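Data block below; observations after.
What's counted below: heavy atoms across the whole structure, side chains too, no hydrogens, waters or symmetry copies. FYI, the numbering just counts along the sequence from 1. Here the structure is a predicted model, which means the values were calculated and not measured. Start at 1 and go down the list; that is how both ligands and their atoms are numbered.
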Amino acid sequence: MLFCVRAVSGAAQRVLLAPVCGFQTLAVVARSVSFSPGQVTSNASFHSVSSESDHPKVLITGGLGQLGVGLAKLLRMRFGKYNVILSDIRKPPNHVYQSGPFIYSDILDYKNLREIVVNNRITWLIHYSALLSAVGEANVSLARDVNITGLHNVLDIAVEHGLRLFIPSTIGAFGSSSPRNPTPDLCIQRPRTIYGVSKVHAELMGEYYHHRFGLDFRCLRYPGIISADSQPGGGTTDYAVQMFHDAVKTSTFVCNLRPDTRLPMMFIEDCLRATLEVLEAPAEILSMRTYNISAMSFTPEELIREIRRHLPDLQVTYKIDPVRQAIADSWPMILDDASARSDWGWKHDYGLPELVQTMLNFTGSDSRMSQAN
Ligand SMILES: NC(=O)C1=CN([C@@H]2O[C@H](COP(=O)(O)OP(=O)(O)OC[C@H]3O[C@@H](n4cnc5c(N)ncnc54)[C@H](O)[C@@H]3O)[C@@H](O)[C@H]2O)C=CC1
Ligand SMILES: CC(=O)[C@H](N)C(=O)O
């Protein structure tokens, strides 16, 4: 059984904590029991005595959303199952709980987050917790707390403990006064959503901490991400994911964006690989700390046309959501990612035809399985 020891405040109180559920959950508060530094060291080093010891120890915040579980899977293949800890404030489904270490972490609880970083000797922090564009507009004060106050906690802990910190930004960090076709890495950024404002803040704070305190901050501006086995968390680009599921299940789809709304999009596999690549890139080749990455751009009508090549019966109607439409109209149509391509060799694998084929294979086989059950 694995334990690590936390000194809470002075020697009087010690807490024995199993670091993550994947190792077995056990918390014992031992008041007035003292442990020698040797015990602390041996318990802590016990974690690292394994063939996985040379790898980074990774913590993913907000890991139960659309992207975190897939990223954990990729990083565990690379660094070993026990070197990657997923965390969130939600209860993990069985398959996630059983697939590797998971721990509760609310990024608004600074001390708890710090304790997790210390007890598990985290070296890389991947900060995925956020409220996305549409849910952010529906709850501005919560979005401000999670996306800005939570970010400050993460930045401070990363600096204190010398972590490599990855924070994704988004096409939503641009606004209607940014050039939209294409949108370069460096241009005017005046978004009008709390999501966009908080992501510009994250980009600037991360870069400032890099220059001021030497924080190893890395950031990619993701396009809208399309995934088959995880649901999006309340964004403007979610329509595209939903279209695949509805096309396969009911052959009908109600689209909440206008047919000609062009947005940058990316298949999840490309997004997660890009994340790993920029995390592993030697610092010397990074001429910037925040990069656009791009794969394809399409409109709802172009996506429908491509899906109809496989599912000709798909019927689509439009019920425009004015909030999402206004957001989409202010976002880039095409992201210019030339710097990512030249600095660290970014290259996408999936264009629109490959995306549609792959998504229909996944969602089609899922739906056939659930019908058979
Ligand atoms: N999915 C996409 O299309 C894109 C995502 N991104 C960024 O990638 C990151 C991950 O995105 P998704 O997985 O799609 O987001 P999501 O909305 O699916 O998941 C976010 C997670 O954060 C968690 N969370 C909320 N409050 C929290 C708190 N106080 N403490 C800890 N966790 C908390 C939620 O429980 C949720 O599981 C986000 O930062 C997002 O801005 C950027 C561009 C595109
Ligand atoms: C592009 C994003 O950041 C996200 N999917 C959203 O639509 O809010």
Side-chain angles (χ1 to χ4, degrees), residues 59-72 86-93 96 102-110 112-113 116 125-139 142-154 165-174 183 191 193-203 206 219-227 229-242 256-257 261 263-268 270-272 274-275 290 292-295 297 321 323-325 327-328 330-332 335:
L59 176 68
I60 304 175
T61 70
L64 295 185
Q66 187 189 3
L67 306 185
V69 173
L71 184 67
L86 267 178
S87 71
D88 208 300
I89 52 173
R90 294 195 274 153
K91 199 156 102 177
V96 173
F102 175 86
I103 196 164
Y104 172 87
S105 170
D106 180 346
I107 56 156
L108 296 175
D109 184 344
Y110 177 84
N112 172 251
L113 188 59
I116 292 168
L125 181 47
I126 296 173
H127 178 44
Y128 267 179
S129 310
L131 262 64
L132 272 60
S133 57
V135 289
E137 288 313 286
N139 195 341
L142 182 62
R144 198 188 58 189
D145 285 350
V146 173
N147 296 7
I148 297 180
T149 308
L151 165 84
H152 292 166
N153 289 342
V154 163
L165 175 63
F166 177 83
I167 302 181
S169 186
T170 161
I171 49 174
F174 298 102
T183 305
T193 59
I194 185 64
Y195 180 57
V197 168
S198 64
K199 288 294 188 179
V200 176
H201 182 65
E203 293 177 6
C219 174
L220 297 178
R221 293 194 190 102
Y222 293 163
I225 306 302
I226 315 286
S227 59
D229 55 2
S230 58
Q231 289 300 318
T236 305
T237 57
D238 295 8
Y239 88 86
V241 179
Q242 198 56 45
N256 58 24
L257 294 183
T261 310
L263 289 169
M265 300 278 187
M266 182 177 282
F267 186 50
I268 187 165
D270 274 340
C271 164
L272 301 181
T275 304
T290 302
N292 290 347
I293 50 164
S294 166
S297 284
D321 173 339
V323 174
R324 283 181 162 84
Q325 186 65 55
I327 293 173
S330 74
W331 281 1
L335 272 190

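Among protein heavy atoms, the minimum distance from atom 10 (C) of ligand 1 is reached at Y128 O, 3.5 Å. Among all protein heavy atoms, the one lying closest to atom 4 (C) of ligand 2 is L132 CD2, 3.8 Å. For atom 17 (O) of ligand 1, the closest non-hydrogen atom on the protein side is L132 CD1, 3.4 Å. In this structure, atom 21 (C) of ligand 1 lies nearest to the protein heavy atom G62 O, 3.5 Å. Distance from atom 4 (C) of ligand 1 to its nearest protein heavy atom, with residue and atom name: I225 CG1, 4.0 Å. Of all protein heavy atoms, the one lying nearest to atom 7 (O) of ligand 2 is T236 N, 2.6 Å. Scanning the protein for heavy atoms near atom 20 (C) of ligand 1, the closest one is A130 O, 3.6 Å. Here the protein heavy atom with the shortest distance to atom 41 (O) of ligand 1 is Y195 OH, 2.6 Å. At the shortest separation from atom 23 (C) of ligand 1 among protein heavy atoms lies D88 OD1, 3.5 Å. Protein heavy atom nearest atom 14 (O) of ligand 1, with residue, atom name and distance: Q66 CB, 3.4 Å.
Across the listed options K199, M265, H127, R221, K199 owns the non-hydrogen atom lying nearest to atom 39 (O) of ligand 1. Around atom 16 (P) of ligand 1, the closest heavy atom drawn from A143, S230, G65 belongs to G65. Of the options P168, S129, C271, S133, the smallest heavy-atom separation from atom 33 (C) of ligand 1 is shown by S129. Nearest to atom 44 (C) of ligand 1 by heavy-atom distance, out of P223, G235, G224, G233, is P223.
Between the side chain of T149 and the main chain of V146, no donor-acceptor pair closer than 3.5 Å is present. Panel note: side chain N256, backbone R324; no donor-acceptor pair is recorded below 3.5 Å. Judged by distance alone, with hydrogens and angles left aside, the side-chain atoms of D238 form a donor-acceptor pair with the main-chain N or O of G235 at under 3.5 Å. The closest donor-acceptor contact from the side chain of S87 to the backbone of S105 lies at 3.5 Å or more, if one exists at all. Put simply, the side chain of E137 never gets that close to the backbone of V323: no donor and acceptor are under 3.5 Å apart.
Contact check for F166 versus L220: side-chain heavy atoms found under the 4.5 Å cut-off. You'll find the side chain of L335 stays beyond 4.5 Å of the side chain of I293, heavy atoms only. Residues T170 and R221 have side chains not in contact (no heavy-atom distance under 4.5 Å, counting atoms from C-beta outward). Using a 4.5 Å cut-off on side-chain heavy atoms (C-beta onward), Y195 and V135 make no contact. Within the 4.5 Å cutoff, the side chain of L113 has heavy atoms near those of the L59 side chain. Looking at K199 and N147, their side chains never come closer than 4.5 Å, going by heavy atoms from C-beta outward. Side-chain atoms of L71 and Y128, non-hydrogen and from C-beta on, do get closer than 4.5 Å to each other.
Residue-level proximity to ligand 2 for T237 is carried by backbone and side chain together, each with a heavy atom below 4.0 angstrom. Looking at Y195 against ligand 2, only its side chain comes within 4.0 Å, counting heavy atoms.
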Requested in this report: Apply the test side chain to side chain donor-acceptor pair (under 3.5 Å) to residues S133 and T236: give CA-CA distance (whole Å), side-chain angles for both, the deciding distance (0.1 Å), then the verdict.
Outcome: CA-CA 6 Å; S133 57; T236 305; 2.8 Å; yes
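At least one heavy atom of I89 sits under 4.0 Å from some atom of ligand 1. Put simply, no part of S87 is less than 4.0 Å from ligand 1, judged by heavy atoms. Assignment of W331 to the shell around ligand 2 is supported, since a heavy atom sits closer than 4.0 Å.
The side-chain hydrogen bond (donor to acceptor under 3.5 Å, both in side chains) test applied to Y110 returns E160, not counting sequence neighbours.
Residues R144 and I194 share a closest heavy-atom pair of N-CG1, 4.2 Å.
At least one N or O atom of I107 sits closer than 3.5 Å to an N or O atom of ligand 1. The shortest N or O to N or O distance between R90 and ligand 1 is under 3.5 Å. Residue D106 has at least one N or O atom closer than 3.5 Å to an N or O atom of ligand 1. Residue contacts with ligand 1: L67 is placed with a nitrogen or oxygen under 3.5 Å of a nitrogen or oxygen of the ligand (distance criterion only).
The atoms of ligand 2 that sit less than 4.0 Å from any heavy atom of T170 are 1 (C), 2 (C), 3 (O). Interface of S133 with ligand 2, defined as ligand atoms under 4.0 Å from a residue heavy atom, comprises 6 (C), 7 (O), 8 (O). Heavy-atom proximity to S169, at under 4.0 Å, picks out these atoms of ligand 1: 42 (C), 43 (C). Atoms of ligand 2 found under 4.0 Å from any heavy atom of I171, numbered from 1 in the order shown, are 1 (C).
A donor-acceptor contact under 3.5 angstrom links the side chains of E203 and S169, judged on distance only.
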